[in-house]
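Each ligand, and each atom within it, is numbered from 1 in the order the structure gives. These figures come from a predicted structure and were not determined experimentally.
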Amino acid sequence: MNGATVAIEGVAKTFQTRGRSTHALTGVDLTIRSGEFVALLGPSGCGKSTLLRIIGGLIEPDQGAVSVNGAGPHSARRAKQFGLVPQAPALVPWRTVEDNISFLATLNAKAGRTALSADRVSELVDAVGLRDFRQAYPHELSGGLQQRVALVRGFALGAPVLLMDEPFAALDEITRADARYLLLDLWSRTGSTVIFVTHSIPEAVILSDRVVVMAARPGRVAAMRTISLPRPRTADLEDAPAFHEHVRQLRADLREHHL
Ligand code: ADP
């Protein structure tokens with residue numbers, strides 16, 4: 001399975017609330033290549049979620065346009081081009097792990113839309129260490145395991161573009177560190193394009209091919225950095241000078257635009 005190219009051209013969005021205007025995004029131009037892993041990095045309020053929702057066709061930009069392999073976000077959404085992994089795992093409480101993962105994928109496959117085969121889904125379940133939990137219900141799982149289910153579910157849909165909005169925000173630091181490498185493993189098995197919102201610099205570095213640094217008021221792209229670390233990425237890399245150099249550079253980018 002392959003990803004899809006996402007092109008964002010001149011996107012701007014202003015929210016009006018109680019007579020006040022918030023310039024959530026202005027002049028965003030960005031092309032994300034098929035199969036690329038891109039992080040949107042920045043502090044709260046710089047428009048990361050707004051951009052993700054515009055890409056996914058959930059809200060309309062005031063100006064500019066988004067296309068996915070040349071199609072608009074609405075037709076891309078109808079064609080099930082997007083998978084969403086939210087902050088909270090949002091599992092269906094009365095379905096087992098296996099059903100939570102396969103239920104939407106089966107519906108999509110029946111409707112003739114992309115979805116991974118049962119064998120491939122099984123492989124993903126094993127890859128993230130969920131084999132023994134297939135028949136468990138969400139409430140029987142820790143937060144970390146629940147988020148693994150949500151990750152596999154996102155990939156099992158077979159969507160070419162995965163939109164992830166701080167999917168690890170609710171996890172403790174140790175679980176979160178493991179979850180990053182599981183995510184990379186799943187991504188390398190599927191080749192989807194991933195757009196990943198985070199405000200963690202090390203997380204953006206360890207995961208991404210490119211990091212889009214965003215700044216607030218108005219929300220905009222302040223810098224773009226290519227992460228030159230080799231793949232597959234492993235925890236050892238977090239000790240490498242190149243990793244620290246990327247972290248330092250991004251910290252400087254953020255400081256330049258936020259102080
Ligand atoms: P981030 O994801 O980087 O934290 P958001 O995209 O959520 O940023 O928000 C960017 C700005 O737009 C913030 O100032 C936020 O308050 C505002 N905003 C986002 N969504 C809405 C909305 N539906 N109505 C009004 N203001 C909004």
Side-chain angles (χ1 to χ4, degrees), residues 6-32 36-68 72-74 76-77 82-90 147 150-151 154 161-171 173 176 179-180 183 193-225 227 247 249-259:
V6 178
I8 300 158
E9 283 174 55
V11 161
K13 178 76 187 175
T14 299
F15 291 107
Q16 306 286 351
T17 31
R18 284 174 257 106
R20 269 205 8 232
S21 298
T22 305
H23 298 292
L25 289 173
T26 182
V28 177
D29 288 306
L30 182 63
T31 300
I32 298 166
E36 194 175 18
F37 198 122
V38 168
L40 306 180
L41 174 73
S44 298
C46 66
K48 304 182 297 297
S49 301
T50 303
L51 183 56
L52 206 68
R53 286 155 68 206
I54 289 174
I55 295 169
L58 300 171
I59 54 176
E60 290 286 334
D62 300 331
Q63 285 171 36
V66 171
S67 68
V68 178
H74 292 290
R77 202 148 80 93
F82 299 114
L84 183 70
V85 181
Q87 280 188 16
Q147 194 49 287
L151 277 183
V161 181
L162 282 171
L163 305 175
M164 303 196 173
D165 195 354
E166 297 195 53
F168 305 143
L171 304 182
E173 193 44 49
R176 183 171 179 154
R180 291 172 185 155
L183 165 58
T193 305
V194 177
I195 307 176
F196 185 98
V197 166
T198 183
H199 51 238
S200 160
I201 297 175
E203 184 160 279
V205 172
I206 211 67
L207 292 174
S208 310
D209 295 316
R210 277 190 302 159
V211 178
V212 179
V213 179
M214 297 187 66
R217 287 176 292 279
R220 63 198 187 278
V221 174
M224 174 85 76
R225 298 286 169 192
I227 306 299
V247 170
Q249 177 69 66
L250 288 167
R251 200 174 285 140
D253 288 338
L254 285 170
R255 210 176 290 131
E256 183 181 333
H257 295 281
H258 292 283
L259 286 180

Full working for side chain to side chain contact (heavy atoms under 4.5 Å, CB included) between D29 and V221: CA-CA 8 Å; D29 288 306; V221 174; over 6 Å; no
Test side chain to side chain contact (heavy atoms under 4.5 Å, CB included) applied to M164 and L183, step by step: CA-CA 11 Å; M164 303 196 173; L183 165 58; 3.7 Å; yes
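For the residue pair Q16 / S21, a side-chain donor-acceptor distance below 3.5 Å is found, with atom types taken as modelled.
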I'd like a table of the close N/O pairs between ligand 1 and the protein (anything under 3.5 Å), one pair per line with both atom names and the distance.
unit_1, atom_1, unit_2, atom_2, d
ligand 1, 2 (O), S49, N, 2.8
ligand 1, 2 (O), S49, OG, 2.8
ligand 1, 3 (O), G45, N, 3.4
ligand 1, 3 (O), C46, N, 3.1
ligand 1, 3 (O), G47, N, 3.1
ligand 1, 3 (O), K48, N, 3.0
ligand 1, 3 (O), K48, NZ, 2.9
ligand 1, 4 (O), G45, N, 2.7
ligand 1, 6 (O), T50, N, 2.9
ligand 1, 6 (O), T50, OG1, 2.5
ligand 1, 8 (O), G47, N, 3.2

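Among V38, L30, T31, I55, the single residue meeting the side chain to side chain contact (heavy atoms under 4.5 Å, CB included) criterion with V6 is I55.
Of the possible donor and acceptor atoms, one in the side chain of K48 sits under 3.5 Å from a partner among the backbone N and O of G42.
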Identify each donor-acceptor pair in which a side-chain atom of residues 56-66 lies under 3.5 Å from a protein atom, sequence neighbours left out, and give them as a table.
unit_1, atom_1, unit_2, atom_2, d
E60, OE2, H74, NE2, 2.6
D62, OD2, T14, N, 2.7

